[in-house]
Amino acid sequence: MPDTAPRPRVRLRDVTLADADMLDAWDEDRSPYNDFGMPRDPIDRDAIARGPLRNERNGMMVIERIEDARPIGTVGWHLERYGPNRESGAYNLGIELVPEYRGQGYGSEAQAQLAAYLFATTDVNRVEAATDLDNIAEQRSLEKAGFRREGVLRGSQWRAGAYHDLVYYALLRTDPRA
Ligand SMILES: CC(C)(COP(=O)(O)OP(=O)(O)OC[C@H]1O[C@@H](n2cnc3c(N)ncnc32)[C@H](O)[C@@H]1OP(=O)(O)O)[C@@H](O)C(=O)NCCC(=O)NCCS
């Protein structure tokens, strides 16, 4: 049988020290959906030098376009707990693409890959993402990545001088993958 699966166009890779200046520059220009008005600290170069920016609590990777090895954005994740036991942990992910690389499907691929990576390397049952109710691109991107829409947390996020409704999406280990 010929393999008809579409070839991946992006991959996720660990952050290196060579990325540090680029990531600081990107941070100056982050999208309003990821801008909480907090001080912009330079990325922790000592932490990068010590090893990959990922552990059981959180992580960050660079999204790289495969055809030219160009870094086009970042994904990150952190552990959320829905109960005091280890089994009730879930990973909540976030993403930011450089503006010129948005709207080409890279975001859906990257988020599907991150979910697959977290299911493969941990025993977590749930990977989730929350986004502003107005952020249609991220909602559609998550749906294309196989995430299911679950509900709205009204007035849950303070950003840009107002409270915003967040819509939650999740992929369970047992859900069909995109
Ligand atoms: C959100 C983001 C990750 C999505 O990744 P992306 O590669 O741009 O998105 P994709 O190309 O995979 O999919 C976007 C989809 O939303 C659709 N879309 C985009 N804007 C839309 C709008 N205003 N109304 C309706 N649909 C819209 C696109 O048509 C596309 O759907 P389609 O493929 O069915 O046509 C990326 O745009 C980004 O980094 N945005 C800024 C940061 C951000 O918002 N991060 C999430 C914060 S929670």
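Each ligand, and each atom within it, is numbered from 1 in the order the structure gives. Hydrogens, waters and symmetry mates play no part in the numbers below; they use all other heavy atoms, side chains included. These numbers were taken from a predicted model, which means no experiment stands behind them.
For atom 23 (N) of ligand 1, the closest heavy atom belonging to the protein is I136 CB, 4.2 Å. The protein atom (non-hydrogen) at minimum distance from atom 45 (N) of ligand 1 is I95 O, 2.9 Å. Among all non-hydrogen protein atoms, the one lying nearest atom 12 (O) of ligand 1 is S108 OG, 2.6 Å. In this structure, the protein non-hydrogen atom closest to atom 48 (S) of ligand 1 is T131 OG1, 3.2 Å. Nearest to atom 9 (O) of ligand 1 among the protein's heavy atoms is S141 CB, 3.9 Å. In terms of protein heavy-atom proximity, atom 6 (P) of ligand 1 is nearest to G103 N, 3.6 Å. If you check which protein heavy atom lies closest to atom 39 (O) of ligand 1, you get L97 N, 2.8 Å. The protein heavy-atom contact nearest to atom 2 (C) of ligand 1 is E138 OE1, 4.0 Å.
Within the 4.0 angstrom cut-off, atom 29 (O) of ligand 1 has no protein heavy-atom neighbours. Within a 4.0 Å radius of atom 35 (O) of ligand 1, the protein contributes no non-hydrogen atoms.
A salt bridge is defined here as a Lys NZ or Arg NE, NH1 or NH2 lying under 4.0 Å from an Asp or Glu carboxylate O, and E109 with R11 fails to meet this definition. Using a cutoff of 4.0 Å between basic side-chain nitrogens and carboxylate oxygens, D35 and R40 are scored as salt-bridged.
Contacts between A130 and ligand 1, counted as non-hydrogen atom pairs separated by less than 4.0 Å, involve the backbone only. When non-hydrogen atoms are compared, ligand 1 lies under 4.0 Å from neither the backbone nor the side chain of D132.
Counting non-hydrogen atoms of neighbouring residues, nucleotides and ligands closer than 6.0 angstrom, the CZ atom of R154 reaches no more than 12 such neighbours. In the displayed structure, Y82 atom OH is contacted under 6.0 Å by more than 12 heavy atoms of other residues, nucleotides or ligands. Counting non-hydrogen atoms of neighbouring residues, nucleotides and ligands closer than 6.0 angstrom, the CZ atom of R13 exceeds 12 such neighbours.
In this structure, the side chains of T131 and V167 come closer than 4.5 Å at one or more pairs of heavy atoms. Counting only heavy atoms from C-beta outward, the side chains of E96 and R102 approach each other to under 4.5 Å. Contact check for Y117 versus Q113: no side-chain heavy atoms found under the 4.5 Å cut-off. Counting heavy atoms from C-beta outward, R45 and D24 have side chains that approach closer than 4.5 Å. Under the 4.5 Å side-chain criterion, counting only non-hydrogen atoms from C-beta, N92 is not in contact with W77.
Close N/O approach between N135 and ligand 1 is found [any backbone or side-chain N/O within under 3.5 Å].
Both tests do not hold together for R70 against Y101: distance to the six-membered ring centre under 6.0 Å, angle to the ring axis within 45°.
Residue Y106 approaches ligand 1 through these ligand atoms, each under 4.0 Å from one of its heavy atoms: 7 (O). Each of the following atoms of ligand 1 lies closer than 4.0 Å to a heavy atom of Q104: 11 (O).
Residue nearest to atom 17 (C) of ligand 1, selected from E143, R140, E109: R140 (by heavy-atom distance). Within the set S31, A137, G107, A145, the minimum heavy-atom distance to atom 7 (O) of ligand 1 is found for G107. In this comparison of K144, E96, Q157, the heavy atom closest to atom 10 (P) of ligand 1 sits on K144.
Distances from ligand 1 to the non-hydrogen atoms of G105 include at least one value under 4.0 Å.
In this model, no donor atom of one side chain and acceptor atom of the other lie less than 3.5 Å apart for Q111 and Y169.
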